[in-house]
Protein chains: 2
Amino acid sequence: MIRRIPQARERGIPDATVARLPLYLRALNGLAERGTATVSSEDLALAAGVNSAKLRKDLSHLGSYGTRGVGYDVQYLIYQISRELGLTQDWAVAIVGVGNLGRALANYGGFVSRGFRVAGLLDADPAVVGDHIAGLTVEHSDGLEAVIRKRGVSIVVIATPAAAAQQVCDRVIGAGVTSILNFAPVVLTVPDGVDVRKVDLSIELQILAFHEQRKINGGPLMAEDWAGEAG
Amino acid sequence: MIRRIPQARERGIPDATVARLPLYLRALNGLAERGTATVSSEDLALAAGVNSAKLRKDLSHLGSYGTRGVGYDVQYLIYQISRELGLTQDWAVAIVGVGNLGRALANYGGFVSRGFRVAGLLDADPAVVGDHIAGLTVEHSDGLEAVIRKRGVSIVVIATPAAAAQQVCDRVIGAGVTSILNFAPVVLTVPDGVDVRKVDLSIELQILAFHEQRKINGGPLMAEDWAGEAG
DNA sequence: TCGACTTTGTGCAGCGCTTCACAAAGGCAC
DNA sequence: GTGCCTTTGTGAAGCGCTGCACAAAGTCGA
């Protein structure tokens, strides 16, 4: 069978590459702040914490933006990566669930500086509605659909308790949202065409614990001190 | 050249598998709460959001804990995964940086319920020192090394501003810590033998923006409206 | 203008993870 | 006991990502 030869500029950037582009972007912004005009793949890779071959291959998926013998123009590369990620446009984000995490997210500087604008804070708890956080007033989540439609929200952050997450998810999808960032510790069920990314703070700690345990005693305790039925 | 044949119980669990074990654990806990005694790989996979072949292969790396024709004993599997992840022991965690995010983490229920105990909250800002959060008193970060040593802290969460992160990192490593969870938006430099895991809230949003852009107009705007020198 | 030097962009081999498909293994009905 | 049915555990193929190594391409000094 004949397989199609992938075109160079065909819109098919590997997921692994997309996941690293924000890393490069941050490293480049750091360089730009220090007034660096051009940077080699070697130096940029060092700043981003990857190896240089990988960096070059990643960037080659976007196009041929470097100059052999010189490196990459910092400003130009910032622009190209931003454009590829869609950060040259303005994204309206709504945060649902204004607990500790929701507040932290609303105040997080990393959003506004990258093309994201918090366009709404919503919560179901009347005791929280009306609070002023990061320049916004918390609204009741009854108005979720209205907020999404009126303010052109295209990305929703779910920071509610686990029990409420699926319902919120269904409602925002009903209102037309197709990109969701989920902090609640549940697996969300969504129709095709909707992207969900999940961040789970405790999972990361558990992975660390796994490796830490191995450092200490070479693996789980071997004693089968299990008192249940199987054994 | 002759390659070693990997032993079944050899301590070499793929990283991809380790990253999914916490997912299975959560799904299992959900089933246990509902009183389910046994579960098939098909049903558990559904609850965890993966496919069943992957689940079975993952579990097979831990051992042979299922019963053919029946499935897995929920309680027994919870115990085995917990043991493998090292959650049957008690981990003392210190959180450095008590801003919005640090507070959210200190109050996050997902920690305590999984073998993690917040043993210290530290911050460099005198205005924050002395605050009571989640039953603890915030201490000054001058005492970082002392807290780590005295309370047996083995995992440190860095939730400081980017500028302070590397310095905190160096200090905790100096105090003997080899597992770090980093929320600051910088690439930490650490010696061999130290594990760093990174969580970056804005990166996830940027990845979502990338996919959202593609849904809207099939990719980045093609107009090369760049006004810089290269072009 | 030319040659030496630097750095990019990429073909290719290797590796690890995913997925399929099925034989082996255990339970259950009779 | 025996045979059928369900479900696990796993060999093997497929796929995508990584990293090496180098030719191509561009700069810079003389």
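Naming convention: chains lettered A, B, ... in sequence-line order (proteins, then strands); numbering from 1 in each chain. A quick note: this is a predicted structure, and the numbers were derived from the prediction, not measured.
Contact annotation: Tyr72(A) reaches the phosphate of dG9(C) (side-chain N/O to OP1 or OP2, under 4.0 Å). Of the side-chain N and O atoms in Ser64(A), one or more sit less than 4.0 angstrom from OP1 or OP2 of dG9(C). Taking side-chain N and O atoms only, Ser41(B) has a distance below 4.0 Å to OP1 or OP2 of dT8(D).
In this structure, Leu77(A) places its CG atom 14 Å from C1' of dG9(C), rounding to the nearest Å. Between Leu62(B) atom CG and dT8(D) atom P there is a gap of 15 Å when expressed in whole angstrom units. Distance His61(B) NE2 to dT8(D) P: 17 Å, rounded to the nearest Å. To the nearest angstrom, C1' of dC15(C) lies 13 Å from NZ of Lys54(A). To the nearest angstrom, C1' of dC17(D) lies 15 Å from CD1 of Ile13(A). Counting to the nearest Å, the P atom of dG9(C) and the CG atom of Leu44(A) are 12 Å from each other. Rounded to whole angstrom, the span from the CD atom of Glu42(A) across to the P atom of dC20(D) amounts to 11 Å.
Here the closest non-hydrogen pair linking Val39(B) and Leu31(B) is CG2-CD1, 3.7 Å. Considering every non-hydrogen atom in both Asn51(A) and Ala45(A), the closest pair reads C-CB, 3.8 Å.
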Checklist outcome for this item: With B for base contact, S for sugar-phosphate-only contact and - for none (protein heavy atoms under 4.0 Å), nucleotides 21-30 of chain C reads B--BBSS---
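A donor N or O paired with an acceptor N or O is not found under 3.5 Å between the base of dG9(D) and the side-chain atoms of Lys57(B).
Taking the ring pair (Phe, Tyr, Trp, His ring centres under 6.0 Å) definition, one finds that Tyr108(A) meets it with Phe111(A), sequence neighbours left out.
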